[in-house]
Amino acid sequence: MQKVYVVINMDNLYPDYDSNKKRFKDDFKDCSDFLLREAVICGEKGFFCAMDGLINSLQLSQMVTSPILERKLEFNNNNDLLNQIKLSVVNSVELNEATTFQDCYYFLMSGFCVFVLDGCNRALVFGIQGWARRSVDEPSNESNVKGAKECFIEALNDNKALLRKRLKTHHLKFKQIKLGTAANTPVVIAYIDNRADEELVREVEHRLKAANFNTVVDYGELVPFVDTDIKSFFSCVGNTERPDTAVSKLLEGRVIIMVEGTPFVIYLPYLFSDNFQSVDDYDSPPFHSGFIRALKYFSFLISIFLPGIYVGVGTFHQELIPTNLLYTIASEEITTPFSLMTEAIMLLILYEIMREAGIRLPKAIGHAVSIIGGIIIGETTVTAGIIGAPMLVVIAMTAISSYVVYPLYESVSVLRFIFILLGGMFGVYGIIFGAGIIFINICSLDPFGVPLSSPISPLDTHSLGDIFYRETWLKLSKRKVRVNKLRGADIDTGKKG
């Protein structure tokens with residue numbers, strides 16, 4: 001005789017009213033923000049539940065509880081009653097059904113009211129969100145002079161609205177998924193379906209779903225799963241807090257990932273040239289935008305190589321230094337007890353300590369750190385003969401230059417230490433060797449088939465009009481730039497699970 005196995009999902013809602021109520025109360029025991037109200041609807045028992053602080057109490061009363069309790073309906077059975085309530089009673093536009101306790105809890109934590117009726121193994125959920133949220137303020141990390149003054153906030157629905165009001169097209173898609181095994185976190189994959197590559201969208205979704213998250217707290221937790229597998233100091237995932245920047249990336253065929261609770265979104269594929277572009281570039285004349293771009297590339301090179309070159313030349317290749325300058329450097333360094341490499345490392349470490357302290361300290365005493373740091377580094381160390389004045393100038397130039405291309409600051413802050421060591425041990429030859437390794441590494445990164453170094457390598461002359469300089473809008477408006485056209489290889493769907 002053939003055996004028949006029946007699988008019962010113990011997480012499904014029960015048809016029995018008392019069993020459902022007991023399960024909700026047991027699971028939310030000692031949760032003071034859990035609200036549950038029992039009621040009688042057309043002679044049948046039911047209950048409403050919601051989370052205090054996540055809902056709008058006025059909407060709950062006017063749109064959900066009052067219409068359901070005051071309406072008299074004729075029905076054949078309880079499922080018929082629930083359907084009539086769903087179709088013709090409540091005023092909430094955002095209405096869904098939930099069949100499991102896990103789904104009910106997810107909706108509760110998202111600002112929904114859950115309604116359970118006796119005799120039904122499904123619940124109605126009504127969107128009446130009303131939690132406190134930050135207003136849409138001016139961006140703090142990506143400031144601009146002429147562009148828009150809006151930034152993303154921590155509310156996912158508001159962030160979607162910021163994109164939707166700028167891209168008034170049905171081709172803009174928001175695919176929402178839930179990540180996290182211990183606690184579900186809503187994550188949205190945004191793209192324009194007639195511009196983004198379908199294979200790219202599927203691969204991004206696959207990598208996110210394949211990641212075994214316990215819970216997702218911030219966008220940074222998603223980055224390693226959609227980034228490259230190749231070890232590098234440079235990330236292949238971009239981030240922004242500006243809706244206008246995100247819109248421009250969507251129009252280029254890229255994919256945006258938004259996470260509930262964070263004011264930053266990440267986008268990919270990411271190009272190395274994106275680090276040198278800003279919103280003001282497109283509101284300024286082309287000649288000025290080109291000058292600023294050149295300044296950014298120059299500042300990036302200074303911030304990485306200048307300390308190492310100074311240490312390497314001053315230690316091994318003094319003949320490359322003009323005589324007058326060499327005399328000045330020698331007269332300063334002869335009184336200091338440390339080598340050039342040691343001085344550079346000491347100054348940079350002290351600078352990073354003060355920078356970190358200035359960021360973490362309360363604003364009221366943050367200025368005190370700047371004043372003390374300026375006195376200690378600017379006067380005391382030079383006067384005491386611990387550090388030479390030329391080295392102080394070099395480190396100051398390096399520190400200022402590193403903020404010109406701020407998206408690359410994390411990479412630059414570590415790389416310049418490496419090049420100081422290379423310059424101090426091997427001279428200019430070590431700097432050249434290290435630079436070659438870095439450039440080869442950048443050219444090897446392509447997690448979604450689009451090289452990080454494109455359109456420079458591999459060279460695409462059609463797309464160079466917005467890299468080192470910016471062409472006029474008369475030409476830019478005629479170009480149809482898509483990142484999938486820069487693809488140097490097929491997407492490797494085997495990565496990241």
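- Arg293 places a side-chain N or O within donor-acceptor distance of the main-chain N or O of Asp466, the cut-off being under 3.5 Å.
- Checked for salt-bridge contact, Asp27 and Arg23 meet the test: a charged N lies under 4.0 Å from a carboxylate O.
- Between Lys178 and Asp103 there is a salt bridge, since at least one side-chain N of the basic residue sits less than 4.0 Å from a carboxylate O of the acidic one.
- Counting only distance, with no hydrogens or angles, the side chain of Arg254 and the backbone of Tyr270 share no donor-acceptor pair below 3.5 Å.
- Between the side chain of Thr99 and the main chain of Arg122, no donor-acceptor pair closer than 3.5 Å is present.
- Taking a cutoff of 4.0 Å between a charged side-chain nitrogen and a carboxylate oxygen, Asp227 and Arg207 do not qualify as a salt bridge.
- Atom CD of Gln102 is surrounded by 12 or fewer heavy atoms from other residues, nucleotides or ligands within 6.0 Å.
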Inset, instruction - Would you check, one step at a time, whether the test side-chain contact (heavy atoms from CB on, under 4.5 Å) holds for Val226 with Val255? - result: CA-CA 11 Å; Val226 293; Val255 175; over 6 Å; no

Inset, instruction - Just do the side-chain contact (heavy atoms from CB on, under 4.5 Å) check on Tyr409 and Ser402 with the steps written out, would you? - result: CA-CA 6 Å; Tyr409 184 84; Ser402 62; 3.4 Å; yes

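- Between the Ser92 side chain and the Glu94 main chain, a donor and an acceptor come within less than 3.5 Å of each other.
- Within the model, atoms CG of Leu163 and CD1 of Ile192 stand 9.5 Å from one another, a figure rounded to the nearest 0.5 Å.
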Inset, instruction - Might you work through the side-chain contact (heavy atoms from CB on, under 4.5 Å) test for Arg195 and His171, ending with a clear yes or no? - result: CA-CA 9 Å; Arg195 290 177 180 253; His171 291 291; over 6 Å; no

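- Between Arg134 and Pro263 there is a side-chain heavy-atom pair separated by less than 4.5 Å.
- Using modelled atom types, one side-chain atom of Lys168 and one backbone atom of Lys165 make a donor-acceptor pair closer than 3.5 Å.
- To the nearest 0.5 Å, the span separating CG on Asp137 from NZ on Lys149 amounts to 13.0 Å.
- Between the side chain of Asn275 and the main chain of Phe272, a donor-acceptor pair closer than 3.5 Å is present.
- A distance of 8.0 Å separates CG in Leu408 from OG in Ser303, rounded to the nearest 0.5 Å.
- Side-chain contact between Ile442 and Ser457 is absent, with no heavy-atom pair separated by less than 4.5 Å.
- Rounded to the nearest 0.5 angstrom, Asp244 CG and Tyr282 OH are separated by 11.5 Å.
- Interatomic distance, CD1 of Ile68 versus CG of Leu124, reported as 7.0 Å (0.5 Å rounding).
- At least one side-chain heavy atom of Asp274 sits less than 4.5 Å from a side-chain heavy atom of Lys249.
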Inset, instruction - Given side-chain contact (heavy atoms from CB on, under 4.5 Å), test Phe75 with Asn83 step by step and report yes or no. - result: CA-CA 10 Å; Phe75 55 95; Asn83 287 330; over 6 Å; no

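- You'll find the ring centres of Phe101 and Phe24 inside the 6.0 Å limit.
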Quiz: residues 30-49 side-chain donor-acceptor pairs under 3.5 angstrom, not counting sequence neighbours:
from  : atom 1 : to    : atom 2 : distance (Å)
Glu38 : OE1    : Tyr17 : OH     : 2.6
Glu38 : OE1    : Lys21 : NZ     : 3.3
Glu44 : OE1    : Asn78 : ND2    : 3.3

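- Checked against ring pair (Phe, Tyr, Trp, His ring centres under 6.0 Å), Phe112 has the following partners two or more places apart in sequence or in another chain: Phe107.
- The backbone N or O of His170 lies less than 3.5 Å from a partner atom in the side chain of Lys173, making a donor-acceptor pair.
- For Glu241 (side chain) and Glu142 (main-chain N/O), a donor-acceptor pair under 3.5 Å exists by modelled atom type.
- Atom CG of residue Asp16 and atom CG of residue Asp118 lie 6.5 Å apart, to the nearest 0.5 angstrom.
- The cationic group of Arg164 does not satisfy the cation-pi geometry with Phe174, failing either the under 6.0 Å distance to the six-membered ring centre or the 45° limit from the ring axis.
- Checking side-chain atoms of Asn20 against main-chain N and O of Tyr14 turns up a donor-acceptor pair under 3.5 Å.
- Residues forming a salt bridge (Lys or Arg N to Asp or Glu O under 4.0 Å) with Glu205 (at least two apart in sequence, or on another chain): Lys175, Lys209.
- Ring geometry for Phe276 against Phe300 counts as perpendicular: the plane angle is over 60°, on a 0 to 90° scale with 30° as the lower cut.
- The backbone N or O of Leu295 sits less than 3.5 Å from a side-chain atom of Ser299, completing a donor-acceptor pair.
- Aromatic ring centres of Phe264 and Phe152: separated by at least 6.0 Å.
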